[in-house]
Amino acid sequence: MPPFATWLRPYLRLGDQSLESGPLATRFHTQHPPLLTIMPRYTPADIEPRWQAYWEENKTFATPETPGSKKRYVLDMFPYPSGDGLHVGHPEGYTATDIVARYARMRGESVLHPMGFDAFGLPAEEHAIKTGEHPRVQTQRNIDNFTRQLKMLGFSYDWDRVLATTDERYFRWTQFIFLVLFDTWFDPQQQRGRPIAELPIPDQIRAAGEAAVDDYINSRRLAYLDDALVNWCPNLGTVLANEEVVDGKSDVGSHPVKRIPLRQWMLRITDYAERLLSGLDDLDWPTGIKKLQSDWIGRSTGAEVDFFVGEAAKFEAWKSARGKSGFPAKASDDALRVYTTRPDTLYGATYMVVSPEHPMLDQLTAADQSAEVKAYCEKASFKSDRERTEGDREKSGVFTGSYAINPVNGKPIPIWVADYVLAGYGTGAIMAVPAHDERDFEFAVQYELPIIPVVQPPADAENRDDILAGKACFAAVGNAINSGPMDGKDTAEVKQQITAQLDAEGLGNSAVNYKLRDWLFSRQRFWGEPFPILHEIDQAGNATGRMRGVDPSELPVRLPELEDFKPHGRPEPPLAKAGDEWLYVTIDGKRYRRETNTMPQWAGSCWYYLRYIDPHNDSALIDPEKEAQWMPVDLYVGGAEHAVLHLLYSRFWHKVLYDRGHVSTPEPFGRLINQGMILGEVEFTGYFDENDQPVSTKDVKKSAGGGRESKDGRKVTLKSIADDQVEKQGEGFVLKSDSSIKVESRANKMSKSRGNVVNPDVVVDEYGADALRLYEMFMGPLEATKPWSMAGVGGVRSFLDRVWRMIVDDQQDELVLQSALSQGDCDDEQNRMLHATIKKVTEDTDAMSFNTAIARMMEFTNFFTRSQQRPIEAMKTFLILLSPYAPHLCEELWKILGQDGSIAHQSWPQWDEAALVQSSIEVPVQFNGKVKSKIQVSPDAKPDEMIQAALEDAKVQSLLEGKNIVKKIAVPGRLVNLVVK
RNA sequence: GCCGAAGUGGCGGAAUUGGCAGACGCGCUGGAUUCAAAAUCCAGUUGGAGCAAUCCAGUGAGGGUUCGAGUCCCUCCUUCGGUACCA
């Protein structure tokens, strides 16, 4: 036995036994971290940094170069490195994935568990505008701070794979993927993206010359330029995606947003709508998230129908011509095309509406209505989204002066223009069926347009008579009325027959529509990826309209060095201020000007999960072999705020990369979990009037101005109340001083303005990283929204203290093991506790039910702390179970027990079913479902035996006196229930 | 308005998916230890009645299915998220 260093001696005293000669006398590696201080107390501030340094030095969590038989890719949604640092919501998901990753490693799986930073984004640029400091500088500072905080929490990331979307070696490949999008068209027949070189060019286009072919090709690319009505935000100096506009205000900063037309890069995500929708079926995602995505995609089926807009006398001729020519792919000038999901209600169409932006509006406007229509459209175009959605949304519109002919009955109906019809959906025009559509009904009532019911409501519909009289709206299904030959048939049948008839007559077609819009992909900002696109210019410096991608070998296109970052209030990007040497390029004698828009923040986050697999590759975005080994992501954890956008955009890019052969899986993320939000501490709040008199919450209502007031009209404000001034009464809480005053008890979102933000640094400082990790997991189910409680962190910390004291005798001056620790085996009861704990912790960790796993480990600790004999083998097994949750503490105790190396390399224990078996169990005896007595039976007792035992029970017998047993039920291992009278 | 999730002690939450409601933790009460406090340990802690054994009530409200319901079904209420004229 090698001699022990004197500094290790304190560890090795085990009561009276000498460890130096026993089985615990294992050697210590020199690679163990040096002990700075030997403290008998649990001191996370000492333990945690030491083990973090050890893991880093020894690359304990390095990803295996090639995964073994079982791989697990465990991914967190990477953070935006804000100047505020981590908040306690971040470590919630990160701890969950860390536990899964550590657990999987101990089960012998090959784990990829990386972290990175979504580092482009508005705040750094806003900061740059204010201070003049380059966004790169602040971003780096923030990344450093985030890195420090993440390391402080002991996450087992493979830090050699860390990336930031702002790294040139990263965004080079973001630009590369943009070039892939630019080089791809979507083949609707094959339902997949194909190289643009394979795009068939129609003969008449080819005949029109090179420029026409070029235009044609550009119009088919997945990345294309379009004059879009965009959300221009003057305050931010940028255009925003629809998704970044909330209630007509910018998502970031709540600035007003105007709609202006601008030439923008768009991504043709709508081509992938069908696959993005059907792909959801195979994903192990929360059903709620799937539903959100599918609602966002918003697939609907119905029909496109052409309404003749010429003179009524020519309708028959037009109709018969259509019967021969069939339904044209693009609507002709003499017809107004609408999209409807209810072709069955065609007989009830009493007017039509086109959106103010409809291309045929000029043609449809009669001379005498022209002024009014023009004024209306003018007004609508100046309306911001905010004004359009604000208030009670009273409908408005103007008659165009022209009529269209209803194709099923030849009747002319008026055409209106109204902004309740959206230009971007369907055909931008509708047939209005006021009897069966709420919006149309509201409009028809307002402008006194006819309402004809064509669907009969069921006999028990409450306002059936009103509906049939055209005085109420009925949007559901039923049997057709007032519909000529369709009368009496049900909705589904009428839909099918009318669509078929329209199809045969060349007047309509069944059609599918999506709410999903193409993705506005350019931003007028500095701090984003430059587009790798060159616009050809002529001698005079004017754009010719032709463009080309930067050759992939020339990537990355770096950001130019700029003097200042200020937006100038015009929708022209800051990159336009770059010097000529950046802005202008000559290739093969042609001059080009660089694209000066930058990509949105979503770009970098669309594919980062791929780069982690091969982060240092400078010749490809990912090595296909490595990609095939690690993809897809097995577990992806993040906040629900990304339920739609990030996850949809990522899936879209992934599918394009799949079509173009860069990745091997059709979907990127197999299993998704949304961690719940962490709220601030629960507070009591009550209302007070101007004189600081409390007002009961039940006497407070919303005032007209949006504030709050009391029943008798006094203005009241919400104030926080100390815990000791309230007490429980009935359902709620009241003031102790006046029990008639009800107060509210609730937890609010953490926010700077409320001052209830919890900083992880402070928590780690006071309780330690293990306590923070454990508390976040112990709070409740991962997916639930839960309030923070500092007292709860203290509770979990005292559990860790108890674990420490279960093994270490902290009553001594130097570090000594508990004298209760023994070399012997567990007794039966201890063994059952041990194996039941292994089983529960294993199953709960598998199910990510971390709170119950921790509860079980607490029970274990309570049990063994009471034991005067604590077998060391049981302690070691327990430490392995706890180590994914509280890694620093477990490493330390593992070492204190004389073990070599990192506990992270131990294999996960197996439980022994035999150890769980009890010789007899207690089961309740119920009378009519109520517990009346308890009996002891063998765990495998048959129902008959259980009933027999129950009937023999003294208490049961006494209770049975004077009663009859009607029925006897026994559930093996669970209970006996007697139905008695 | 529509969609989704959830309502269990003073609080956070458990409950082999139909089988002993309240595991575990916080808080609180009492006790031990201490000069004292902190820390620690032990006991108790859903409400009501009773000296007690015990009894009664009880999982947002009301109804239903069942031998048995926190769990399943119907109606309603509340809270939190998401969404906003998508024809």
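All values below were derived from every heavy atom in this structure, side-chain atoms included, with hydrogens, water molecules and symmetry-related copies excluded.
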Touch check for [X], heavy atoms < 4.0 angstrom, all strands: base, sugar-phosphate only, or nothing?
X        : answer
A:Arg866 : sugar-phosphate
A:Ser300 : sugar-phosphate
A:Glu922 : base
A:Leu975 : base
A:Asn513 : nothing

Is there side-chain contact between A:Tyr420 and A:Glu442, with at least one heavy-atom pair below 4.5 Å?
no
5'-most contact on RNA chain B (nearest-nucleotide basis), A:Tyr339 vs A:Ala784, goes to A:Ala784
Between A:Gly780 and A:Arg342, the residue closer to the 5' end of RNA chain B by nearest nucleotide is A:Gly780
Counting only Watson-Crick pairs (N1-N3 plus N6-O4 or O6-N4) and G-U wobbles (N1-O2, O6-N3), all under 3.5 Å, who is the partner of [N]?
N      : answer
B:rA43 : B:rU29
B:rA23 : none
B:rG70 : none
B:rG1  : B:rU83
B:rG7  : B:rC77

Could you pull out the protein-nucleic contacts involving nucleotides 2-8 of chain B (nitrogen or oxygen on both sides, under 3.5 Å)?
from	atom 1	to	atom 2	distance (Å)
B:rC3	O2'	A:Lys291	NZ	3.0

Testing the basics here: between [X] and [Y], what is the closest heavy-atom pair and its distance to 0.1 Å?
X        : Y        : result
A:Glu92  : A:Leu782 : OE2-O, 3.4 Å
A:Asn406 : A:Leu346 : ND2-O, 2.9 Å
A:Val455 : A:Asp344 : CG2-OD2, 4.1 Å

Suppose you measure atom [atom1] in [N] against the same atom in [M]; what distance do you get, rounded to whole Å?
N      : M      : atom1 : value
B:rA84 : B:rC76 : C1'   : 26 Å
B:rA5  : B:rA87 : C1'   : 29 Å
B:rG10 : B:rG47 : P     : 7 Å
B:rU78 : B:rA61 : P     : 15 Å
B:rA21 : B:rA53 : C1'   : 23 Å
B:rU40 : B:rC20 : P     : 34 Å
B:rG9  : B:rA14 : C1'   : 13 Å
B:rA69 : B:rC55 : C1'   : 23 Å

Passes side-chain contact (heavy atoms from CB on, under 4.5 Å), A:Lys515 versus A:Trp296? Steps please.
CA-CA 7 Å; A:Lys515 281 205 263 185; A:Trp296 191 267; over 6 Å; no
Of all the nucleotides listed (B:rG13, B:rC20, B:rG19), which has the minimum atom distance to the side chain of A:Pro787?
B:rG13
Per A:Ile430 side chain, nearest of listed nucleotides B:rG13, B:rA87, B:rG82:
B:rA87
If you measure from the Lys or Arg side-chain nitrogens to the Asp or Glu carboxylate oxygens, is any gap between A:Lys839 and A:Glu913 under 4.0 Å?
yes
Residues A:Asp944, A:Lys942: salt bridge by 4.0 Å N-O rule
no
Compute the ring centroids of A:Phe860 and A:Phe878, then answer whether they are less than 6.0 Å apart.
yes
Tabulate atom names and distances for all N/O pairs under 3.5 angstrom spanning the protein and nucleotides 79-81 of chain B.
from	atom 1	to	atom 2	distance (Å)
B:rU79	O3'	A:Arg746	NH2	3.0
B:rC80	OP1	A:Arg746	NH2	2.5

Tabulated below should be each protein N or O lying under 3.5 Å from an N or O of nucleotides 24-30 of chain B; please produce it.
from	atom 1	to	atom 2	distance (Å)
B:rG25	OP1	A:Asn862	ND2	3.0

Would you tabulate the pairs of protein nitrogen or oxygen atoms and nucleotide nitrogen or oxygen atoms of nucleotides 61-68 of chain B closer than 3.5 angstrom?
from	atom 1	to	atom 2	distance (Å)
B:rC67	O2'	A:Asn977	ND2	3.4
B:rC67	O2	A:Asn977	ND2	2.4

Pairs where residues 790-803 of chain A contributes a residue and the test side-chain hydrogen bond (donor to acceptor under 3.5 Å, both in side chains) is met, not counting sequence neighbours:
A:Arg797-A:Asp801, A:Arg802-A:Asn862
What nitrogen or oxygen pairs link the protein and nucleotides 52-56 of chain B at under 3.5 Å?
none

Taking the six-membered ring of A:Phe443 as reference, does the cationic atom of A:Lys395 (NZ for Lys, CZ for Arg) lie under 6.0 Å from its centre and within 45° of its axis?
no
How close or far is atom P of B:rA87 from atom CG of A:Leu346, stated in whole angstroms?
17 Å
Under the criterion side chain to side chain donor-acceptor pair (under 3.5 Å), which of A:Asn509, A:Thr427, A:Asp306 is the partner of A:Arg337?
A:Asp306
Considering the options A:Leu800, A:Ile807, A:Val808, which one meets the side-chain contact (heavy atoms from CB on, under 4.5 Å) requirement together with A:Trp804?
A:Val808
Tell me whether the count of non-hydrogen atoms from other residues, nucleotides or ligands lying under 6.0 Å of NZ in A:Lys968 goes above 12.
no
Trace of the side-chain contact (heavy atoms from CB on, under 4.5 Å) decision for A:Val980 with A:Leu959
CA-CA 10 Å; A:Val980 297; A:Leu959 286 165; over 6 Å; no
Looking at B:rA87, I'd like to know if its phosphate oxygens (OP1 or OP2) sit under 4.0 Å from a side-chain N or O belonging to A:Tyr425.
yes
